[in-house]
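Just below is one structure, and these are the notes that go with it.
Worth knowing before you read on, the calculation uses all heavy atoms, side chains too, and leaves out hydrogens, waters and symmetry mates. Because the structure is predicted, anything quoted here is derived from the model rather than measured. Residue numbers count from 1 along this sequence.
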Amino acid sequence: MADFKLSAQLVGHDADVRHVCFPAPDLILSAARDCTVRAWKRTATSPPAFEPSIITQGSEFYNSLTYLPPSPDHPDGLVVSAGSDTIIDVRRTTSVPSDNAERLLIGHAGNVCALEIVPGAQYIVSGSWDKTARIWSVHKWETEAILAGHEGAVWDILPFDETTIVTASADKNIRIYDFRTVVAGEVQPRSTIYTSDVIRALCKVPTSHPSGAHFASASNDGVIRLWKLSGQQVGELHGHESFIYSLAALPSGELVSSGEDRTVRIWRGFDCIQTITHPAISVWTVSVCSDNGDLVSGASDGVVRVFSRSPERLASPDTLAHFDESVKSSSIPQQQVGGINKEKLPGPDFLKNKSGTKEGQIQMIKEENGSITAHQWSMGQQQWINVGTVVDAVGSSGRKVEYNGQSYDYVFDVAIEEGQPSLKLPYNLSENPYTRAQKFIDDNELSQNFLDQVAQFIITNTQGTTIGQDSGDAGGPDLYGTESRYRPGDDHGTSRARILPQREYLDITGTKYEPIFKKILSINSALVAAGRKDYSLNPPAQEVLAAVRRTLEAGQPVVDEASINLIVMMCIHWDYSDRLAPLDLLRCVATFPATAKFKSTDLGSPIQIAISAALDGVPLGSQPNENYALMAARTITNLFKSTEGRKLLAQPSEGLRAVSFIDRVLGIGGQPAIGPFNRNLQIALTTAMLNFAVLASREPGSVSANVQVRLLTGLAWILQKQTDGEVIYRALAAAGTLITVIGKTAPEARSLSSPIKLSKGHSSEPRIKEIADECLSLLT
């Protein structure tokens, strides 16, 4: 299948294009920060040309839009748009700004950042910074229901079918709703998928996709994750190097994504097959025309771009050449590509003699004039494509960054509030940092309290080029979001403290108790209604449960056996599908001595109980639930927090039981792995393994040699297969600590050398290289 190439460039917006929609081959819609929504109607087909018109113009940013298909009442369809003024505007595609809207939908209390049409076109769904999603009736033009339960901004919405709606939130959770379960105007989530990062985008995955996934999500960590509606993760797509802002599906069954790394990427199966770099800082949005398979993007340079695989719909040769040249001449801030050792970079001959190994691979080249250029490998074209020149930290290359039609030495992304979009902060070295900070505050209507923080941020991240003095403590939160600036006490010398062996036990205890207890009471009500008196909670048991909640919320330990016995009963005897909340509660109380000392007459220790609850009773033909395995792993991890728990885990039989469970989850021994792409589960496993290593280091002889060998085997497995930075770091910390226990000459220690070296290539984080090198130094 041919690569996508530029079909048309639609110029007209004066600021970032935040959302695009491609409902038909002859119609494109765009919403932008220049406070306009525009319709682009095709006037020629080869090469394509589009005539713009402004549909609506306001005084606030437009950030989202969608298209309501034609109906008898509105044969041309309706444009639905919204933004920071919180009002959803519904109007004809032929409207002009002076026309009245067909409808104004009022109800949100914050920026409306997502709009979608439910299949069947009877309802509109909206998502907002006010932490709600709303369903609006197209017939009554009013709120039909509120999708409740969000604890952060609702960034995106996916109406999966006529009754199922999926939401993505800044609270790092994906929620799935059944629209039919409205009670008193609200819909509670049918299920919640807990993830590790802010989720920016969702899309439905075509049924032909080899993963069998139902939908995809994209996050701030640059990873696209593939999900079943059951909550099972079935795959990950890696390639983006920064935030992913938008996802869409092509009629061909492929996926499309766009993000902060200046690219649109095409994914076939699990592989990125094409990378389209834009001459902009951010590619905010991408949309697909289902009729012809073309796609459209919107970016921070205010340009709407159409791309096509059809030779008949390609742009003119001059337009194609201009686009390629604009990409080639664009500037890439060095902080976007990390540290560069200019002396070790190859020269231009590299591009002639070496091929890339994967689509989108970036190679830095030192040009003859001393500048550094970035080149991207195209698998389709089988060649390196120049995608820009790297501007170093003090702007010595002489190249400028374009923003809103002006040239700057820097354009920073500044995250003022977690979960809300970054704001662009342009800056020239000739400016007074405080003057620019004040303009930034005025332009974005921020609190004056941010003045010092923003000014200090500029000073620090330009290395004081125009100041000539130490900036001192910038103070306050890290606005840039990368902890890149100097902080007093940071060691910038060549020496650093050794990391290994680790000496502190870690726990995973952070939680919100209300959802756990609410879910338990909901399940109990269903058991009572079904006449299940054997394992439902009677009034005295409910009072015990209420006392457990009061104790935990007060920060006090649970000490009585009756409370623990009640939690264990729910974990073991409730139906397999109902065990997640009880297992989560067991994880919460695992840090307390009373839990470690508890012993069930049927199942034994809390280790046995957690493992049995996670793995036993699985419905025929199904795999164990990865979130149950997650809670069991966290329970084992948290038992290390008490002396009694460590004594329990030091027992050879209990230690072997725990590592056998870890092996089962990893898939060591022949059975399929449980949740191999579940980051939270992998972190829980490596944390438990790290705690075993700390116990072996702090109390020699407490962890049997058999357990240590099994742990090293599991850690080697993880280091070879996992790519997440936190998972790798904890695995390396555990491996290095165990090496200090068993000695560098032990065969089991020597066998770790290759997996440790391999893990360095799985992450670009400096801390990974540091701890991996320290592990390797222990083996020399």
Side-chain angles (χ1 to χ4, degrees), residues 7-44 48-108 111-117 121 123-128 136 138 141 157 246 248 284-291 294-306:
S7 176
Q9 291 196 123
L10 313 183
V11 179
H13 284 293
D14 298 324
D16 299 49
V17 178
R18 293 306 308 272
H19 205 110
V20 290
C21 186
F22 205 165
D26 59 355
L27 178 64
I28 294 171
L29 304 170
S30 58
R33 281 183 171 170
D34 62 2
C35 307
T36 69
V37 174
R38 301 179 188 232
W40 307 81
K41 297 182 180 178
R42 190 172 62 181
T43 56
F50 291 80
E51 183 70 28
S53 64
I54 298 177
I55 296 176
T56 184
Q57 185 163 14
S59 58
E60 303 282 348
F61 296 161
Y62 284 99
N63 294 314
S64 57
L65 61 78
T66 190
Y67 177 74
L68 197 60
S71 66
D73 292 336
H74 303 284
D76 293 326
L78 293 170
V79 181
V80 185
S81 61
S84 54
D85 70 354
T86 76
I87 299 172
I88 300 173
D89 181 289
V90 183
R91 63 180 61 220
R92 293 174 290 113
T93 58
T94 56
S95 293
V96 297
S98 59
D99 292 340
N100 290 328
E102 296 292 310
R103 289 289 188 276
L104 296 176
L105 307 182
I106 300 173
H108 280 296
N111 174 47
V112 179
C113 50
L115 286 167
E116 293 291 344
I117 305 297
Y123 299 98
I124 300 167
V125 193
S126 58
S128 170
W136 307 83
V138 169
W141 298 109
I157 302 162
S246 185
W284 291 112
T285 173
V286 66
S287 182
V288 169
C289 179
S290 58
D291 292 345
D294 288 357
L295 62 90
V296 62
S297 66
S300 57
D301 61 357
V303 179
V304 176
R305 294 179 174 88
V306 186

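At distances below 3.5 Å, at least one donor-acceptor pair connects side-chain atoms of S64 with backbone N or O atoms of V112. In this structure a side-chain-to-backbone donor-acceptor pair under 3.5 Å is present from S246 to V286.
With rounding to the nearest 0.5 Å, the separation of CD1 in I106 from OG1 in T86 is 7.5 Å. A distance of 9.0 Å separates CZ of F22 from CG of L27, quoted to the nearest 0.5 Å. To the nearest 0.5 Å, the span separating CZ on R18 from OG on S81 amounts to 14.5 Å. Here the OG1-CG distance, from T56 to D99, works out to 9.5 Å after rounding to the nearest 0.5 Å. Distance CG/L65 to CD/E116: 9.5 Å, rounded to 0.5 Å. Rounding to the nearest 0.5 Å gives a distance of 8.5 Å between CD of E102 and CZ of R91.
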#### Entry: side-chain contact (heavy atoms from CB on, under 4.5 Å) between Y123 and I117, intermediate numbers included
CA-CA 6 Å; Y123 299 98; I117 305 297; over 6 Å; no
### Query
Does the pair R92 and H74 meet the rule for a side chain to side chain donor-acceptor pair (under 3.5 Å), with working shown?
CA-CA 8 Å; R92 293 174 290 113; H74 303 284; over 6 Å; no
### Query
Could you walk me through whether I28 and L10 pass the side-chain contact (heavy atoms from CB on, under 4.5 Å) check?
CA-CA 10 Å; I28 294 171; L10 313 183; 4.0 Å; yes
### Query
Passes side chain to side chain donor-acceptor pair (under 3.5 Å), D73 versus S71? Steps please.
CA-CA 5 Å; D73 292 336; S71 66; 5.3 Å; no
### Message
Working note: W141 + I124, criterion side-chain contact (heavy atoms from CB on, under 4.5 Å); need CA distance, chi angles, decisive distance, verdict.
### Response
CA-CA 9 Å; W141 298 109; I124 300 167; 4.0 Å; yes
### Task
Test side-chain contact (heavy atoms from CB on, under 4.5 Å) on V304 and V296 and set out the steps.
CA-CA 7 Å; V304 176; V296 62; 3.3 Å; yes
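Closest non-hydrogen pair, C35 versus S59, comes out as SG-C, 3.8 Å. S30 and V17 get closest at one heavy-atom pair: CB-CG1, 4.1 Å. Considering every non-hydrogen atom in both I157 and G127, the closest pair reads CD1-N, 3.1 Å. In this structure, C21 and Y67 approach most closely via the heavy-atom pair SG-CB, 4.0 Å. Shortest non-hydrogen contact noted between A32 and A15 is CB-O, 4.1 Å. The nearest pair of heavy atoms linking F50 to W40 is CD2-O, 3.6 Å.
Between V80 and I88, some side-chain heavy-atom pair lies under the 4.5 Å cut-off. Looking at R305 and V11, their side chains never come closer than 4.5 Å, going by heavy atoms from C-beta outward. Counting only heavy atoms from C-beta outward, the side chains of N63 and N111 approach each other to under 4.5 Å. In this structure the side chain of T36 reaches within 4.5 angstrom of the side chain of H13, judged on heavy atoms. V79 has its side chain within reach of V37: a pair of non-hydrogen atoms, C-beta onward, lies under 4.5 Å apart. Side-chain atoms of V138 and L68, non-hydrogen and from C-beta on, do get closer than 4.5 Å to each other.
Figure legend: R33 and W284 shown as a cation-pi pair, the cationic atom lying under 6.0 angstrom from the six-membered ring centre and within 45 degrees of its axis.
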